[in-house]
Amino acid sequence: MHMHISAPTSGLKGKNRTKTSTKKHHQYSSSPVTSVGSSGSNMVPSLGDATELIGSDQPTLSEKLKVFKASGFDPEGFLTTKCRNMSHKEVKNLCLYLVDLKKASAEEMRKSVYANYPSFIRTSREISDLEGQLLDLKNLLSSRAVLVNGLTDGIRIDSFTSNHEDTEYDVALDDMESSNQEKWIVEFMETLEVLLAERRIDEALHALDEGEQIAQQDNRYQSSTSTAMLQLQNNIIQQRQKLADSLVESASHPSATGAELRSSVQALKRLGDGPRAHGLLLRSHYRKLQHYLRDLHPAGPSLGAAYITAISQLTFSTLAQAATDSLAIFGDEPCYTSELVTWAVSQTESFALLVKRHFLASPASSGSLRIVSECVQVCLGHCSMLEARGMALSPVLLKICKPCVEQAFTSSLKRIEQSTAAIAASDDWSLNYPPLGSRSVSASSLLSQPKLSSSAHRFNSMTQEICEDVGSLENLSLANHAVESLLQLFDSYIKMLINALPNSTETENVEGRIVRVAETEAQQLTLLANALVLADELLPRAVSRFSHFPQTDDGSRRGSDRQNRAPEQRELKKRLQRLVDQLRDSFCRQHALDLIFNEDGTVRLSADMYFNMDANSEDLPEWFPSPIYQELFGKATLVASMASDVFVGKDRFATILLMRLTETVILWLSDDQSFWEDIEQGPQTLGPLGLQQFYLDMQFVILFASQGRYLSRHLHQVIKNIIGRAIDAVAATKVDPYSLLPEDEWFTDVAQIAIEVLTGKEPGENENEGIHSPIAPQSVECN
């Protein structure tokens, strides 16, 4: 006989206990092990829906149910009548629906049973205690009845009859005289005492049963009970009690073997004291467990893992043996299975508290997640073996151990942050392969690893380790918490990288730590490479270790698992990319400010640089883009040349970086109110040379961004809007702006010559002449 029981995880706040709940528990106490608290009742259709599917057209629910309440209700005939006109597909759908309804009903019943589990256990104990009291009361009343009958009938001894045949004590008591009865009783008691003294328990129990049968037959055939028979009944009661006490004493002895314990408990149950026998069984296993634990001591500090493995195996093997003995002797009776579950839960809680106090508390506070996870994993491994015996105690263990794992995880994150910050304070911001000796790096796989700076390597290695440790504890459901914590940790590292930019607006790092500044563009691009590789490859790989879905052996669910996992991965990468964008935008903003402002804080990009061209128009200017746009082109060209080595396989990121860098400068010009107030409302207006220079600068930006393939539609539109705004400002002065501008080809040629000059190429002779004067002569005439 096999039992399936699960440990209750929630108590019952109400006090209603009915026979119905007891009967439900008895019906479902042998259901398979499931996780307490699982949902499944929300989709249970009503009975009205069921009858409608069958074909009922009754107007009200009460009338629909009348047919089911009839005493002569025939289910098969009812279905035959209702389903006669249904197609095969409709009947199949109806069967599937009824199967689902049955499962939902069973799940709802199971949840109701578990919700009232503590109340049922209390009721079962009370019933067991009441049965014991009733047994004592029965023995007491029997003794009183014997005494009363003896007093009323005097010392008259009647013969008594025994129809028991083919037994050792088969005698014709009805033909015996009083002396013969007394002689038989004396012999019977002597034989019983010998059996008890020789510990022949089975024969003694058999003798006691024979004696009780004779006493019961005498009471049945005689109008009154003789004194000898009263003496027999009293002696049997005394011997039963004596045998029970002897069994308890022998079973409680530390040297009692498992076979002796089971034999004593079995005999005690045959004596009619089942609750006491079951309690004796559990107490004996508890005492043996405590005895073994006292004898088990760690041989040294280095044997902590071996010690926790030993006590875990010892504890749960004892619980397994207790469950086996209980089922073998008492079967799956609800009162005994409930007591077994309660006892097993109590022992599991005691074990978990012991482990937490002596093995988890200190490593958890110090952030030793590996030690904590290995310890919990060992305990869960031994605990899960009990599920095959019908007891799911893992939730009890996890409830106590989970806070320690969470504390160790939080402390580990803090340690990663501190260690990474310490390395960042001395990081030279150069890209290198990870150092050998790392937990996830070997000499054979070194070249397949990405290049990062030393702080990023430390961040990655520690993050991979912590995710591997958390991933081994899937039962703790830490995935969501771990993902959020890792995102916060990466956000902290991004802030460190932002602080490493020169003249960063972030004046302080986490907890005021100092981060080494990345002075050169190559070092600053290393900051971006660190963030990009971590966000795009390494962190998603680490998170996948504890956020994956279980797979079947045949791989039938692998496709669906990938589909279910894809939205989570996409959301994670989006959030990581937003953090990388913060660093990228800080990089672009920093370089844009360096271009726009001088070291003394004055603005380089102002309207005066265009007004002054017409104020000093005695000589024709040498047409060339303004210095600020020359520097912007040089900065973009430098970044583009470095990006191929820094962002290996990340061409899109490099393109977006150049795009954002250029957009930052142009958008600043577009939004600079003081610049446009001077252009549109100031005392001076753009003259022909200023307008041409402004138009040339914008065309220059469009040309080099287009040739570099980072001219976005947004950037192109913003430049067009800027040019249009400048033309409108000139047109507001009653001057035709287009009459002041050469053809667009002239601006394109001059911009192309500037690009070649700035990149070290020698322009042609004709092109060189075009730099000093506009290609279209009418532009000079307009001046």
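Numbering starts at 1 and runs along the sequence shown.
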Looking at side-chain heavy atoms only, is the closest gap between [X] and [Y] below 4.5 Å?
X: His291; Y: Arg294; result: yes
X: Ile311; Y: Phe359; result: yes
X: Leu360; Y: Cys375; result: yes
X: Asp469; Y: Phe409; result: no
X: Leu319; Y: Trp343; result: yes
X: Gln313; Y: Val378; result: no
X: Thr315; Y: Gln347; result: no

**Request:** With sequence neighbours left out, write down each residue that passes ring pair (Phe, Tyr, Trp, His ring centres under 6.0 Å) with His358, or none if nothing qualifies.
**Result:** none
**Message:** Testing the 3.5 Å rule here: is there a donor-acceptor pair between the side chains of His278 and Glu339?
**Reply:**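 Side-chain D/A pair, His278 to Glu339: present.
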To the nearest 0.5 Å, tell me how far [X] [atom1] sits from [Y] [atom2].
X: Leu98; Y: Ser105; atom1: CG; atom2: OG; result: 11.5 Å
X: Met391; Y: Ser384; atom1: CE; atom2: OG; result: 12.5 Å
X: His285; Y: Arg287; atom1: NE2; atom2: CZ; result: 10.5 Å
X: Thr318; Y: Lys288; atom1: OG1; atom2: NZ; result: 9.5 Å

**Request:** Report the C-alpha separation of His382 and Ser312 in whole Å, then their side-chain angles, then the decisive distance to 0.1 Å, and conclude whether the side-chain hydrogen bond (donor to acceptor under 3.5 Å, both in side chains) test is met.
**Result:** CA-CA 7 Å; His382 290 120; Ser312 175; 2.9 Å; yes
Heavy-atom closest pair, residues [X] and [Y]:
X: Cys383; Y: Ser394; value: SG-N, 3.5 Å
X: Ala364; Y: Cys404; value: CB-O, 3.4 Å
X: Tyr292; Y: Leu314; value: CB-CD2, 3.3 Å
X: Ala323; Y: Leu340; value: CA-CD2, 3.8 Å
X: Phe316; Y: Leu397; value: CZ-CD2, 4.5 Å
X: Thr348; Y: Leu393; value: OG1-CD1, 3.3 Å

**Request:** Without swapping roles, check the side chain of Ser373 against the backbone of Leu369 for a donor-acceptor pair under 3.5 Å.
**Result:**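 Flag set: sc Ser373 to bb Leu369 pair under 3.5 Å.
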**Item:** Check: Ser326 side chain, Ala322 main-chain N or O, donor-acceptor pair, under 3.5 Å
**Value:**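 No, because the side chain of Ser326 does not come within donor-acceptor range (under 3.5 Å) of the backbone of Ala322.
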**Request:** Could you check Leu281 against Phe330 for side chain to side chain contact (heavy atoms under 4.5 Å, CB included), going step by step and ending with a plain yes or no?
**Result:** CA-CA 11 Å; Leu281 175 67; Phe330 299 93; 4.2 Å; yes
**Prompt:** Going through the distances and angles, do Lys356 and Cys401 end up as a side chain to side chain contact (heavy atoms under 4.5 Å, CB included)?
**Reply:** CA-CA 6 Å; Lys356 178 181 178 181; Cys401 295; 5.6 Å; no
